[in-house]
Peer 1: 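Once you've had a glance at the structure underneath, I'll fire off some questions.
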Amino acid sequence: RARSRSPPPSLSRDDAPPSMTKLDEIIETFQFVEPPMRLELLLDYANNLPPLPEWLKAKRDAGLGRVHECQSPVFVFPEVENDAVALHAWAPNEAPTARAFVSLLIDALDGAAPSDVAAVPDDLLNRLGIGKQLGMTRQQGLAGVLYRVKHGVAQAQEDEARGDTA
């Protein structure tokens with residue numbers, strides 16, 4: 001699991017509105033930080049990406065779960081069980097921005113309800129305040145990661161409702 005991050009004192013969890021999600025807290029933290037430091041804050045997540053479970057490595061090695069919009073080989077494996085999302089992912093150490101974004105998504109969305117994942121804004125990079133600091137290719141790749149997570153969760157939820165667990 002990713003290490004716990006403490007928001008700035010003015011944004012402590014105790015002061016957060018009850019409806020505030022983990023992602024809302026992360027967005028607020030990014031907005032609190034000066035714009036030049038936001039990309040550095042994102043990159044702090046790169047070292048916190050949990051290892052890919054052994055049982056998913058064969059799927060990754062077979063090319064399943066690949067985010068084709070990314071130039072780097074990034075793989076995401078969203079699941080839904082008992083109305084809770086489980087996100088697993090892999091990105092190489094040589095792609096710290098992609099690795100960091102995937103780690104941020106896992107930190108924010110792992111354990112969330114599928115409806116919370118569906119509600120993630122498509123312009124998340126801009127809400128984090130880092131969209132302008134990334135090149136167009138990187139923006140498209142990271143948007144592809146978010147798309148794959150959101151649609152993978154929706155598909156996993158449908159599969160769970162049908163009783164498919166494959």
Side-chain angles (χ1 to χ4, degrees), residues 1-52 65 67 69-70 74-91 95-136 138-161:
R1 298 277 323 158
R3 72 173 187 244
S4 166
R5 285 172 191 51
S6 298
S10 64
L11 303 176
S12 74
R13 206 171 243 280
D14 296 338
D15 298 335
S19 62
M20 189 172 213
T21 67
K22 176 72 173 173
L23 182 60
D24 292 329
E25 292 175 23
I26 291 170
I27 291 170
E28 208 168 283
T29 299
F30 271 78
Q31 292 301 315
F32 181 80
V33 173
E34 290 296 319
M37 298 300 295
R38 290 179 186 156
L39 192 55
E40 189 173 319
L41 180 60
L42 175 67
L43 291 174
D44 283 345
Y45 281 86
N47 294 327
N48 299 327
L49 183 64
L52 189 66
V67 179
E69 295 86 349
C70 277
V74 175
F75 297 83
V76 295
F77 301 96
E79 301 177 310
V80 174
E81 189 173 331
N82 299 323
D83 205 38
V85 171
L87 285 178
H88 305 286
W90 184 88
T97 305
R99 189 174 172 84
F101 187 65
V102 169
S103 181
L104 181 147
L105 291 176
I106 289 173
D107 189 34
L109 303 175
D110 195 52
S115 58
D116 290 338
V117 175
V120 172
D122 291 334
D123 67 341
L124 179 58
L125 295 172
N126 289 331
R127 294 200 188 194
L128 291 169
I130 58 173
K132 293 179 182 176
Q133 296 176 348
L134 302 172
M136 185 57 68
R138 190 163 285 143
Q139 284 182 40
Q140 289 172 341
L142 298 182
V145 170
L146 180 58
Y147 175 87
R148 171 94 170 105
V149 167
K150 289 174 73 170
H151 288 275
V153 166
Q155 184 64 53
Q157 186 177 27
E158 288 176 21
D159 292 348
E160 183 188 41

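Starting from 1, each residue takes its place in the sequence as its number.
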Peer 1: Please tell me if the side chains of Leu87 and Val102 come closer than 4.5 Å, counting only heavy atoms from C-beta onward.
Peer 2: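 A side-chain contact under 4.5 Å is absent here.
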Peer 1: Of the non-hydrogen atoms in Asp122 and Lys150, which two are nearest, and what is the gap between them?
Peer 2: OD1-NZ, 2.7 Å
Peer 1: Search all heavy atoms of Pro96 against all heavy atoms of Ala46 and return the closest pair with its distance.
Peer 2: O-CB, 3.6 Å
Peer 1: Looking at His88, is its backbone amide N or carbonyl O close enough to the side chain of Glu79 to form a donor-acceptor pair, meaning the two atoms are under 3.5 Å apart?
Peer 2: no
Peer 1: Determine the sole option in Ile106, Ile26, Thr97 for which the side-chain contact (heavy atoms from CB on, under 4.5 Å) test with Tyr45 is passed.
Peer 2: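 The single option meeting the side-chain contact (heavy atoms from CB on, under 4.5 Å) with Tyr45 is Ile26.
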Peer 1: Given side chains that start at C-beta, do those of Val74 and Val145 come closer than 4.5 Å, heavy atoms only?
Peer 2: yes
Peer 1: Thinking salt bridges, do Lys22 and Asp110 make one under a 4.0 Å N-O criterion?
Peer 2: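 Salt bridge flag = no for Asp110 with Lys22.
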Peer 1: Could you pull out the closest heavy-atom pair between Ala91 and Leu49, with the gap in Å?
Peer 2: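 That closest heavy-atom pairing would be N-CD2, 3.8 Å.
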Peer 1: Would you give the length of the straight line joining atom CE of Met37 to atom CD of Gln133, rounded to the nearest 0.5 angstrom?
Peer 2: 10.5 Å
Peer 1: Measure up the Phe75 and Trp90 rings against each other and bin them: parallel (under 30°), tilted (30 to 60°), perpendicular (over 60°).
Peer 2: tilted
Peer 1: What pair of heavy atoms forms the shortest contact from Leu23 to Pro121, and how long is it?
Peer 2: CD2-CD, 4.4 Å
Peer 1: Does atom CD (Glu81) have a neighbourhood of more than 12 heavy atoms from anything else shown, all under 6.0 Å?
Peer 2: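 Counting neighbours around CD of Glu81, 12 or fewer heavy atoms of other residues, nucleotides or ligands fall under 6.0 Å, so no.
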Peer 1: From Ser103 OG over to Leu42 CG, what is the distance, rounded to the nearest 0.5 angstrom?
Peer 2: 9.0 Å
Peer 1: Can you check whether Ala156's main-chain N or O pairs, donor with acceptor, with Asp159's side chain at less than 3.5 Å?
Peer 2: no
Peer 1: What's the separation between atom NZ in Lys132 and atom CG in Asn126, rounded to the nearest 0.5 Å?
Peer 2: 8.0 Å
Peer 1: With a 3.5 Å distance limit and no angle check, can you tell me whether Glu160 reaches the backbone of Asn82 through a side-chain donor-acceptor pair?
Peer 2: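 Yes; judged by distance alone, with no hydrogens or angles, the pair exists.
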Peer 1: Between Cys70 and Gly141, which heavy-atom pair has the shortest distance, and what is it?
Peer 2: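 Taking Cys70 first and Gly141 second, the nearest heavy atoms are SG-O, 3.3 Å.
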Peer 1: Do Leu128 and Leu104 have side chains that get closer than 4.5 Å, going by heavy atoms?
Peer 2: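 Leu128 vs Leu104: side chains touch.
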Peer 1: Would you say the side chain of Leu109 lies within less than 4.5 Å of the side chain of Asp116, judging by non-hydrogen atoms?
Peer 2: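 A side-chain contact is absent here, since even the closest heavy-atom pair is not under 4.5 Å.
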Peer 1: Any donor-acceptor pair under 3.5 Å linking the side chain of Arg38 with the backbone of Gln31?
Peer 2: yes
Peer 1: Using a 3.5 Å distance criterion without hydrogens, assess whether the side chain of Thr29 forms a donor-acceptor pair with backbone atoms of Glu25.
Peer 2: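 Yes, Thr29 side chain to Glu25 backbone: donor-acceptor pair under 3.5 Å.
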Peer 1: Within a strict 4.5 Å, meaning less than it, do heavy atoms of the Glu40 and Val33 side chains meet?
Peer 2: no
Peer 1: Rounded to the nearest 0.5 Å, how far apart are CZ of Phe30 and CG of Leu41?
Peer 2: 4.0 Å
Peer 1: Nearest 0.5 Å please: distance from the CG atom of Leu142 over to the CG atom of Leu105.
Peer 2: 9.0 Å
Peer 1: Can you name the closest pair of heavy atoms from Gln157 and Asp83 and give their distance?
Peer 2: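 Heavy-atom minimum between the residues: NE2-OD1, 3.8 Å.
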Peer 1: Is a side-chain donor or acceptor of Gln139 paired with a backbone partner of Leu134 at a separation under 3.5 angstrom?
Peer 2: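 Yes; at least one donor-acceptor contact below 3.5 Å.
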